[in-house]
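Okay, so here's the structure we're looking at.
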Amino acid sequence: MGANASNYPHSCSPRVGGNSQAQQTFIGTSSYSQQGYGCESKLYSLDHGHEKPQDKKKRTSGLATLKKKFIKRRKSNRSADHAKQMRELLSGWDVRDVNALVEEYEGTSALKELSLQASLARPEARTLQKDMADLYEYKYCTDVDLIFQETCFPVHRAILAARCPFFKTLLSSSPEYGAEIIMDISTAGIDMPMFSALLHYLYTGEFGMEDSRFQNVDILVQLSEEFGTPNSLDVDMRGLFDYMCYYDVVLSFSSDSELVEAFGGNQNCLDEELKAHKAIISARSPFFRNLLQRRIRTGEEITDRTLRTPTRIILDESIIPKKYAKVILHCMYTDVVDLSVLHCSPSVGSLSEVQALVAGKPNMTRAEEAMELYHIALFLEFNMLAQGCEDIIAESISLDTLIAILKWSSHPYGSKWVHRQALHFLCEEFSQVMTSDVFYELSKDHLLTAIQSDYLQASEQDILKYLIKWGEHQLMKRIADREPNLLSGTAHSVNKRGVKRRDLDIEELREILSSLLPFVRIEHILPINSEVLSDAMKRGLISTPPSDMLPTTEGGKSNAWLRQKNAGIYVRPRLFSPYVEEAKSVLDEMMVEQTDLVRLRMVRMSNVPDTLYMVNNAVPQCCHVISHQQISSNQSSPPSVVANEIPVPRLLIMKDMVRRLQELRHTEQVQRAYALNCGEGATVSYEIQIRVLREFGLADAAAELLQASS
């Protein structure tokens, strides 16, 4: 049935040390919370424990705990000072100006969110599932042929055996390389496209076609009864990595470059070998795929089949250290970068480890191991491994590792994605960085990038203050480098005795800071009478004062903060969290005051409701003065209106007034008027009715109503 070829003598050899349960990094699952103004949630935490195992942590002493409390209290005090300065600035502003400033902050916050999402973006790495789909489609390194309905399906023995119990039993009966196996499927209704979809499912965990028959429960039950129900792709591939059934390639390592180029030599000269499958390494890495295809073209593959031995690939350990081989293979089979494999397995004494011991270098940190593995991933063109290493490095960013990661990622061989994450950390934690020794190790380029950001978490006064300190530190380093070698390291050296501030060369300090100080937004320095700014101007480091210090400036500080009131080039205020939160708080307070004022203006009216229509039978007070007229003699009834007198309503009229007043209590206008006198929900009491009558000059009527109410 098939060509005579080598058998698989090592069909199911167990693999030692593959079930590590230590820390793992899953590709593409790094979560970054949505950030508002840059203070609620951060991309990284200052406290990282990746470098030290849990069992080696020292107990924090009481003095250290007290120190942390003081630092935390000092940090909260600084935040309170910033809020106080912003409140003093806004104390004389109109509510519309404060609202305009808050809107500017909100716009900047939206831009920050977009900038963060852009910095997190990177090309999508090919997953195991996609590579397995390509493996099934392009048939790399197939070793067995399935014949179904006179159609040949080249497949991979190890993958089908790991995924399906039916194929595991079937393939064990034909162990030859290139065996042709005729498929006899008892399930009715299975044609060639559906059989191809079943194979695609075994490779990827998904059907490769849309077929209504796959929605038929009866057919799926029959297929599961005949072929068995496979596990998830991740579980089966992990099992394939652990036990290496039907492995057909071994990876060997050597420091002899000539031996590597020849792909041969004495096996005793080679180090420990690692087993793998050609199908997997060719599907995940173009480097290995091209290497195996070249061996097929040159005929070396035929030699291995004739000798019935797995293919041996010899790698130069100076390029791919042996200690990373298991990590690479583990990622190829599982899409997981697990650096714990380096420490849980016995030491293999690789060339890089020996060189590190000879040079006296300390053990590598987790981030340094990920950096070295990242370069190997680029060499192998294995993007999933490269992005996994980037995630590990990004998770390791802290104050202690910031400088090393910034330097590494700035190089051409470094990761631009990691560089963006490190710069984001620098901007978010700038207030912490500038008060630590790490600040003086920053390069001018990294510092320049940080202070150009609109999202830098520091006040302009602190930025100016620590930039000057950074420049003075750089100047002292220059002086130390220029001193004679005889003084270097002695008590008379600059590093030992130091340099007084007045002895520093201002011109040289200005030259060091010339590219940095223009990006300090001196218009936004708070407080207004900043001593840091005044001192910098006295020393000549800043030549142009802020616009509010000039005698021709109108509008004061608000001109520099508001876009619509800035006559010159507008510079957006930084999204500094204490300033933003305080501006929003001040605006809320102003809005409450303005709302109360508007409400008072809306309901401003007489405390007395409009009740004139209730006394239509009486003469208004303004009209009670009438002309004296002669009363005709034939007039029998007395006059109803007497000059200069106000008629007193009778009791019937008073009852009608009271009724109408009680009906009026449901109207909105009267409710507002009564609420100002008696509070919300007040009823029309006799007291208010009497007060209404008295306001209209109906004292007698009020007295009558008072008598009736009592």
Side-chain angles (χ1 to χ4, degrees), residues 34-41 78-118 427-428 430-431 451-464 518-530 533 544-602:
Q34 295 293 330
Q35 301 190 14
Y37 295 107
C39 66
E40 297 177 357
S41 61
R78 286 200 298 266
S79 180
D81 292 340
H82 294 316
K84 180 180 178 182
Q85 294 167 3
M86 174 56 71
R87 182 171 288 271
E88 291 176 354
L89 172 69
L90 303 179
S91 59
W93 285 26
D94 185 76
V95 63
R96 288 169 293 186
D97 293 339
V98 179
N99 182 64
L101 178 61
V102 172
E103 288 181 350
E104 185 72 32
Y105 278 138
E106 290 177 347
T108 308
S109 175
L111 291 177
K112 180 181 180 180
E113 293 299 324
L114 294 176
S115 175
L116 177 60
Q117 296 301 323
C427 292
E428 289 295 313
F430 196 79
S431 297
I451 64 176
Q452 286 177 330
S453 173
D454 291 334
Y455 322 120
L456 191 66
Q457 292 302 302
S459 66
E460 299 299 329
Q461 178 177 255
D462 290 340
I463 294 173
L464 176 61
F519 294 98
V520 179
R521 306 174 188 186
I522 58 176
E523 306 282 349
H524 302 152
I525 289 182
L526 295 179
I528 299 176
N529 54 347
S530 171
L533 178 59
T544 304
S547 59
D548 63 301
M549 290 187 176
L550 301 177
T552 57
T553 301
E554 298 179 359
K557 273 283 186 181
S558 62
N559 286 342
W561 292 78
L562 300 178
R563 185 183 298 272
Q564 61 271 25
K565 289 191 175 183
N566 194 322
I569 300 176
Y570 177 71
V571 179
R572 181 187 292 115
R574 298 188 200 272
L575 198 67
F576 184 39
S577 299
Y579 287 175
V580 174
E581 298 302 326
E582 191 63 24
K584 291 171 64 179
S585 177
V586 171
L587 178 62
D588 291 341
E589 295 173 5
M590 287 186 172
M591 290 299 294
V592 172
E593 296 175 0
Q594 292 292 328
T595 303
D596 292 341
L597 182 59
V598 171
R599 186 183 296 112
L600 289 175
R601 289 175 179 173
M602 291 176 59

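Nothing here was measured: the structure is a model prediction, and the numbers come from that model.
Side-chain atoms of Phe576 and Tyr105, non-hydrogen and from C-beta on, never get closer than 4.5 Å to each other. In this structure, Glu582 and Val586 have side chains that are in contact, with non-hydrogen atoms separated by less than 4.5 Å.
Partners of Glu103 by side-chain hydrogen bond (donor to acceptor under 3.5 Å, both in side chains), not counting sequence neighbours, listed by chain and number: Asn99. For Arg572, the salt bridge (charged side-chain N to carboxylate O under 4.0 Å, His left out) partners at least two apart in sequence or on another chain are Glu104, Asp454. For Glu589, the salt bridge (charged side-chain N to carboxylate O under 4.0 Å, His left out) criterion is met by Arg87, not counting sequence neighbours. Qualifying side chain to side chain contact (heavy atoms under 4.5 Å, CB included) partners for Ala100, counting only residues two or more places apart in sequence or in other chains: Leu562, Gln564. For Asp588, the side chain to side chain contact (heavy atoms under 4.5 Å, CB included) criterion is met by no residue, not counting sequence neighbours. Applying the side-chain hydrogen bond (donor to acceptor under 3.5 Å, both in side chains) criterion to Gln461, with sequence neighbours excluded, gives Ser530. In terms of the side chain to side chain contact (heavy atoms under 4.5 Å, CB included) criterion, residue partners of Val95 (sequence neighbours excluded) are, by chain and number, Leu587, Met590, Met591, Gln594. In this structure Ser115 satisfies the side chain to side chain contact (heavy atoms under 4.5 Å, CB included) test together with Tyr455, sequence neighbours excluded.
Annotation: the span from Met86 atom CE to Asp81 atom CG amounts to 13.5 Å, rounded to 0.5 Å. For the atom pair CG of Leu90 and CG of Asp97, the computed distance is 9.5 Å after rounding to the nearest 0.5 Å. Rounding to the nearest 0.5 Å gives a distance of 5.5 Å between CG of Leu89 and CG of Leu526. Separating the CG atom in Asp462 from the CD1 atom in Ile525 is a distance of 10.0 Å, to the nearest 0.5 Å. Taking CD1 from Ile522 and CG from Leu464, the interatomic distance works out to 8.5 Å, rounded to the nearest 0.5 Å.
Using modelled atom types, no side-chain atom of Glu523 and backbone atom of Pro546 make a donor-acceptor pair closer than 3.5 Å. Of the possible donor and acceptor atoms, none in the side chain of Arg574 sits under 3.5 Å from a partner among the backbone N and O of Ser459.
Across all non-hydrogen atoms, the minimal contact from Gln457 to Ser577 is OE1-OG, 2.7 Å. Between Trp561 and Tyr570, the shortest heavy-atom contact is O-OH, 3.2 Å. The shortest non-hydrogen separation linking Ser431 to Ala458 is OG-CA, 3.9 Å. The two atoms that bring Val102 and Ala583 nearest to each other are CG2-O, 3.7 Å, heavy atoms only. Smallest separation of non-hydrogen atoms from Val571 and His524: O-CE1, 3.1 Å. Looking at every heavy atom in both residues, Pro527 comes nearest to Gln85 through CD-NE2, 3.7 Å.
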* To do: Give the intermediate values and the outcome of salt bridge (charged side-chain N to carboxylate O under 4.0 Å, His left out) for residues Glu106 and Lys112.
  => CA-CA 10 Å; Glu106 290 177 347; Lys112 180 181 180 180; over 6 Å; no
